[in-house]
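Shown next, in structure tokens, is the structure this report addresses.
Lettering of chains follows the sequences in order, A, B, ..., and the numbering in each one begins at 1. The structure presented is a predicted model; accordingly, all values stated were derived computationally and were not measured.
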2 protein chains.
Amino acid sequence: MDVRTVCLGLLSEADRSGYEIKKLLEDGPLGNFVEASFGAIYPALTRLTEDGLVEFRTEVQDGRPDKKTYSLTPAGRETFRKALAEPISPDRFRSDFLFVLWFAETLEADYLSEILDHRIAEFEAKIARIKSEHDRPEGPGPAFVAGQAIAIITAAKTYLEENRHLIEADSRTRIKTPRSFDATVLGD
Amino acid sequence: MDVRTVCLGLLSEADRSGYEIKKLLEDGPLGNFVEASFGAIYPALTRLTEDGLVEFRTEVQDGRPDKKTYSLTPAGRETFRKALAEPISPDRFRSDFLFVLWFAETLEADYLSEILDHRIAEFEAKIARIKSEHDRPEGPGPAFVAGQAIAIITAAKTYLEENRHLIEADSRTRIKTPRSFDATVLGD
DNA sequence: AGAAACATGTAATCGGTTACATGATTAT
DNA sequence: ATAATCATGTAACCGATTACATGTTTCT
């Protein structure tokens with residue numbers, strides 16, 4: 001989803017600044033599926049303003065740059081409504097971690113165990129974080145999305161835990177044979 | 001994972017052409033987590049050759065352009081080994097579908113049901129496809145990755161099936177009230 | 001007859017990231 | 001003291017996608 005549409009969507013819920021949009025994506029459950037950097041958000045809001053889809057009021061602040069709070073115009077609301085009806089492009093799950101595991105056989109046993117442990121711990125942390133946010137419900141859509149995130153991450157974590165022996169076993173036990181046998185056993 | 005490393009990795013398993021690398025990512029389980037277009041693969045292989053990490057032999061063909069079959073050089077193998085030991089960047093799950101569902105309340109009931117049905121059917125198709133490929137095992141790493149793909153997609157699908165009522169219910173039943181009531185009920 | 005698979009490559013474009021610039025306030 | 005939060009914005013860069021160019025063979 002392009003950054004412009006993401007901004008439009010988050011502004012359809014409430015008036016917000018660019019900074020707040022970024023934080024929402026960083027901390028909230030939606031951030032699991034949608035990302036955007038400041039360098040993308042600020043220019044997007046500028047263009048959206050030029051196109052008459054959003055407008056902003058400036059709140060003067062002490063010390064900091066003035067805060068620009070954006071709100072949707074009727075045209076912006078309509079554009080977003082149409083964007084939601086557009087064909088939905090397929091999910092993209094990119095994982096360098098699984099690319100590395102594809103070559104599990106070639107990895108050192110200790111390193112493999114380490115990255116598996118690390119990944120499982122990361123998943124646990126993420127689940128805990130989503131659940132704590134999840135407590136304060138914000139409506140059916142967001143709650144549903146948060147639940148989906150938890151379901152997916154939990155499944156990934158459980159799979160790792162229950163099947164890691166498949167890649168941690170075989171060649172690795174062989175590597176652990178006494179040194180005198182190494183040359184022969186690893187020969188082929 | 002950058003395209004160069006992906007090429008290196010797939011060439012570490014077997015000698016392959018650019019076209020074959022692309023097909024492998026398109027059809028195989030690894031494609032669920034790693035993508036690359038021709039426009040990225042061909043230049044990557046050219047640069048890898050210039051850098052001495054791969055080399056190729058040309059197989060003359062009838063009618064088609066000559067097929068270039070690439071193989072890793074020792075330097076390429078070493079570079080890949082090091083790449084696997086590098087810090088692994090986090091997974092990125094991008095989903096326009098879940099972005100749309102975030103705004104479930106604002107969607108028309110029929111449209112919402114339609115995209116949910118469609119998505120579930122897609123998941124089923126994908127699972128079936130991975131399972132059929134999965135039959136011919138190619139080693140623990142690939143089997144493990146394929147299994148992880150199935151686990152994740154199955155969890156996503158199950159979640160949709162079991163929880164869709166949460167977003168299909170409430171405001172939607174209201175919309176289905178007799179026409180005479182619409183203006184009042186939808187007023188707020 | 002027409003689509004899909006086979007096969008490589010280039011060029012234009014693009015959406016987005018990273019880094020930089022600036023600087024006060026508040027929490028650790 | 002030091003890091004993090006708040007707050008916006010620009011510019012350089014980059015990896016990658018899309019579209020184009022070319023042309024045969026095989027499947028439907």
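Considering only the side chain of A:Y70, D:dG9 comes nearest among D:dG9, C:dG16, C:dG9. With distances taken from any side-chain atom of A:K68 to the nucleotides D:dT8, C:dG16, D:dA16, the minimum falls on D:dT8. When distances are taken from the side chain of B:S37 to each of D:dT18, C:dA7, D:dA7, the shortest belongs to D:dT18. Taking every side-chain heavy atom of A:P65 into account, D:dT8 is the closest of C:dT17, C:dG9, D:dT8. When the nucleotides D:dA16, D:dA7, C:dG16 are ranked by their closest atom to the side chain of A:Q61, D:dA7 comes out on top.
Per the geometry, NZ belonging to B:K23 stands 11 Å off P belonging to C:dT8, to the nearest Å. In this structure, CG of B:D27 is placed 15 Å from P of C:dA4, rounded to the nearest angstrom. Per the geometry, CZ belonging to A:F38 stands 12 Å off P belonging to C:dT17, to the nearest Å. Atom CD1 of B:I21 and atom P of C:dA7 are 13 Å apart (whole Å). B:L25 has its CG atom 15 Å from the C1' atom of D:dT17, to the nearest Å. If you take OH of A:Y42 and P of C:dT18, they are 16 Å apart, rounded to a whole angstrom. To the nearest angstrom, P of C:dG15 lies 14 Å from CZ of B:R94. Across the protein-nucleic acid pair, A:L48 atom CG and D:dG9 atom P stand 13 Å apart, rounded to whole Å.
Classification of the A:F144-B:Y159 ring pair by plane angle, with boundaries at 30° and 60°, yields tilted.
Comparing B:G18 and B:R92 by the nucleotide of DNA chain C whose heavy atom lies nearest to each, the residue mapping closer to the 5' end is B:G18. Two residues, A:E35 and B:E20, neighbour DNA chain C, and the one matched to the more 5' nucleotide by heavy-atom proximity is B:E20.
Of the side-chain N and O atoms in A:K22, none sit less than 4.0 angstrom from OP1 or OP2 of D:dT8. Taking side-chain N and O atoms only, B:Y19 has no distance below 4.0 Å to OP1 or OP2 of C:dT8.
Side-chain N/O atoms of A:D96 and B:S89 include a donor and acceptor closer than 3.5 Å.
A:V145 is connected to A:L25 through a chain of hydrophobic side-chain contacts under 4.5 Å among Ile, Leu, Val, Met, Phe, Trp and Tyr, so both are in one cluster.
Using a 4.0 Å heavy-atom distance criterion, A:S17 is classed as a sugar-phosphate-only contact.
Annotation: A:F97 is not in aromatic contact with B:F33 [ring centroid separation under 6.0 Å not met].
Distance check: A:K157 NZ to A:I152 CD1 gives 15.5 Å after rounding to the nearest 0.5 Å.
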